[in-house]
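Presented below is the structure to which this report refers.
First listed ligand is number 1; within each ligand, the first listed atom is number 1. Along the sequence shown, the residues carry numbers beginning at 1.
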Amino acid sequence: MQDIRLRSSLPGRQRWHIRFLEGRPRFADVLAIVLRRVPEITAVRASPVTGSVLIHHDPTSASEEVGERLRQALHAVCARLEDTRGANAQQQAAGAPRERDTRPGRVCGGLRPSRSGGRRTLLLAVGGAVTAVALGGGGLLSKPLVVLAAAGVTTAALIRRAWRRASCPSGLAQPSAAQEKPSRHPMGRIIGRHRRQAVLASLLSAGAQAAELVMYLFIGWMPLVLFRGESTLLARLGLGSAATQLCALGVAATLVRVLVTFLSYRADVSWRGLGQDVQHTWRSEVYPHAQRLELRHLEDERTTRLAGVLTEDISQLGNFVATRPDEVIRLATCLLGMIPAYLLLAPQIAWIAVVPVPIVVWLSLDHQERAAAGHAASGERRAQLNSQVINSLAASATVKSFRGEEHEAVRLEELSNEYRRSSCRTDRSTALYAQSLHAGAATSFLGTLLLGGRAMLNGALSPEAFSALIVMPQMVIWKLTSLGGTVEQYHRTLAALHRVEYVQSLPAESPGEGRPLDSRRVRGEVVLDRVTFSYPGREPAVRELSMRIAPEKTTAIVGATGAGKSTIAKLLTRFYAPQSGRVLLDGQDIQALRLDDLRSAVGFVSQDASLFDGTVEENLRYGSFDADRSDIVRSARIAQASTFIEALPERYNTVIGERGAALSGGQRQRISLARAFLYGPPIVVLDEATSAVDNETEAAIQRTLHWFSKDRTLIVIAHRLSTIRHADRIYVLDQGGMLVEEGTHHQLLARDGLYASLWSLQTGEPLS
Ligand SMILES: Nc1ncnc2c1ncn2[C@@H]1O[C@H](COP(=O)(O)OP(=O)(O)OP(=O)(O)O)[C@@H](O)[C@H]1O
């Protein structure tokens with residue numbers, strides 16, 4: 001019995017242990033791919049070494065839901081593996097669940113997706129071939145079309161099997177974009193509008209390969225001329241002496257080599273260029289869409305996931321196009337040259353050229369699978385080793401003070417040993433594979449030489465044909481070796497394509513739609529009319545909330561943590577839409593307004609000041625790209641930022657690093673405030689925008705804010721009540737977005753309610 005256990009569960013994160021996963025990297029890979037497609041799951045790590053599955057998910061999803069998703073994913077992966085083994089095709093077509101797989105705590109029933117299946121296939125193929133030869137007394141081998149068909153069917157079966165083992169099960173939620181375009185081949189979708197470029201590159205690859213075959217034909221004839229004194233075929237072409245023939249062949253081979261070099265170079269450049277173009281096109285299509293996604297797709301861990309799609313996944317699409325189709329086209333050209341050549345010129349020995357094909361295909365696919373497994377295992381060990389090195393060095397003060405040096409050295413040695421052992425296993429398998437290929441290629445060469453030579457001596461095969469054919473199987477064999485890698489890469493690319501298309505299919509905001517709003521004419525009255533809003537799967541953050549924010553006044557919203565204050569700010573800026581009720585700006589429902597116009601009218605400064613990697617000035621200018629330097633300096637002064645900016649090494653031209661890493665929290669907030677002041681919208685929402693500045697700076701900001709807010713609506717969300725005591729109106733919220741009090745500071749103190757108790761707590765002043 002295989003078990004699946006929940007090891008730990010934190011909000012948004014679960015760690016499971018699945019025994020079945022241990023030692024099955026392919027299974028772990030596929031499981032992770034399937035889980036990543038589940039909408040509420042943001043990231044997955046499945047380790048085939050420890051059997052652990054780490055799932056990062058939407059914090060709003062219940063842990064039982066995530067567990068259920070994991071079981072469904074396991075079920076889908078197992079069902080796919082069973083299908084691969086030919087079990088119950090009808091049930092799969094109907095999509096009916098298999099009862100034994102869905103039981104909690106069980107994974108895949110008794111299924112073992114082991115490599116023995118691969119060996120069995122090879123044994124069956126070899127056994128079948130030997131039996132056929134024995135029964136047919138070699139007669140079958142003399143029937144080239146039969147041999148060709150048998151080799152073709154076996155190769156196709158091997159590739160199909162590898163394909164299905166590597167492919168992603170389709171039992172779970174598929175990205176909608178992928179479902180919308182089932183008729184277009186994934187390669188067509190990846191290449192998109194660069195089809196002509198792809199056709200040109202394909203022709204160049206095919207041409208280069210065909211020319212290479214011709215070159216080897218000329219080279220193959222050269223020893224013939226040397227040893228036989230002449231080639232009758234060339235003599236018939238008017239090339240009399242051996243020296244002339246040799247010279248002609250040399251010149252022809254050189255000219256064709258030049259052509260091969262030119263075509264190969266052009267093909268390489270075209271494929272690489274196409275790869276870059278594909279990446280660029282996808283990036284320029286997906287990035288603007290990602291920027292326009294609704295905020296719920298851009299918060300928290302989803303950003304990391306999105307960044308992965310925009311960088312790694314799109315690179316995967318381009319890298320695949322840049323390298324793999326070229327290899328496949330060259331292989332196909334070789335096969336297309338070799339098979340008719342053998343059938344026409346030497347049908348009696350055609351079998352020796354085609355029989356190695358399925359064997360090499362099997363070796364390549366099997367090696368790829370083993371190597372992937374080995375690399376995953378040794379990669380995991382390496383990661384453990386690295387993390388141990390970093391941890392123990394980072395904690396060196398603790399290690400020294402507890403005299404733990406020896407203990408750390410032993411731990412490191414153990415991990416290093418495990419890494420060495422797992423790498424050695426992979427290296428042995430790779431070396432064995434390489435040697436098997438060498439042996440296979442040599443055997444095939446020897447076989448062609450012996451049997452072809454005998455046929456030539458018997459007069460059944462012309463020396464010219466024999467010399468031409470001898471190199472072809474070698475070329476095909478060496479090209480077949482990369483097939484396993486190509487299949488694997490293709491599946492990685494498909495998974496990347498699905499993720500990219502999924503991002504594309506997510507709903508985006510439409511900035512240009514709706515009723516226009518002239519921000520210069522906005523008075524700034526905001527009304528929340530019985531607004532209810534809840535985040536997905538949560539209790540309402542605000543419930544039936546009504547409030548009026550007067551124009552050109554300062555309104556404060558205060559209350560307990562989690563009471564829904566920031567949610568109100570997000571509703572005002574239309575980052576989210578209420579489920580019921582309306583948010584009105586100067587009497588107009590903001591849902592009906594043009595989003596771009598609304599965002600020009602409402603400025604938002606959050607507690608988490610978002611700065612970009614660039615200079616102070618570039619950050620201040622963000623959103624007001626044409627602002628004058630004098631306006632920039634003035635805004636910085638209002639936000640009490642000018643003093644510290646002037647003290648920076650390059651003043652306004654100082655680079656502040658990624659996310660403003662070179663500044664303190666308070667300095668970042670002041671730059672963020674100054675940016676909003678420069679933007680100058682008629683309504684400004686400050687959500688804990690000064691929480692990180694000291695009291696003195698805060699007081700200074702309040703003084704300048706007072707001046708700044710003269711002709712605009714200021715909405716201030718704050719925990720520190722001293723910052724909002726001068727507000728024209730204060731709304732006090734309690735849990736669940738319930739409005740419990742409203743009034744001025746003095747009125748609220750006089751009420752002796754929630755506000756008064758919060759004030760008393762913060763200032764230490766006793767309640768009256
Ligand atoms: N993106 C989100 N997804 C799900 N729930 C959320 C999200 N953002 C906030 N919440 C939940 O909504 C409720 C209100 O959150 P909100 O951030 O509006 O409170 P707040 O009053 O601003 O709190 P604080 O003073 O701590 O900033 C909380 O229960 C919070 O857990």
> Is the gap between the ring centers of Tyr622 and Tyr679 under 6.0 Å?
Replying inline: no
Q) Would you call the rings of Tyr576 and Phe533 parallel, tilted or perpendicular, where under 30° means parallel and over 60° means perpendicular? A) tilted
*Does Ala541 reach ligand 1 with a nitrogen or oxygen that is under 3.5 Å from one of the ligand's nitrogen or oxygen atoms?*
no
- List the steps and the verdict of salt bridge (charged side-chain N to carboxylate O under 4.0 Å, His left out) for Arg729 and Glu742. CA-CA 7 Å; Arg729 189 144 209 92; Glu742 62 175 282; 3.1 Å; yes
Of Phe575, Tyr535, Tyr576, Phe533, the one whose closest heavy atom lies nearest atom 4 (C) of ligand 1 is Tyr535
Q.
What I want to check is whether the side chains of Arg751 and Gln747 have a donor and an acceptor closer together than 3.5 Å.
A. no
Heavy-atom proximity to atom 19 (O) of ligand 1, picking from Pro540, Ala560, Gly564, points to Gly564
Nearest heavy atom to atom 21 (O) of ligand 1, choosing from His719, Lys570, Lys565, Gln735, belongs to Lys565
Short version for Ser566: what comes under 4.0 Å of ligand 1, heavy atoms counted, is both
message = Please check this pair: side chain of Glu741 against backbone of Leu754, looking for a donor-acceptor N/O pair closer than 3.5 Å.
response = yes
Side-chain donor-acceptor pair present, Gln588, Arg515, cut-off under 3.5 Å
yes
Here the atoms of ligand 1 under 4.0 Å from any heavy atom belonging to Thr567 are 14 (C), 15 (O), 16 (P), 18 (O)
Check: Does any N/O atom on Glu688 come nearer than 3.5 Å to any N/O atom on ligand 1?
Finding: no
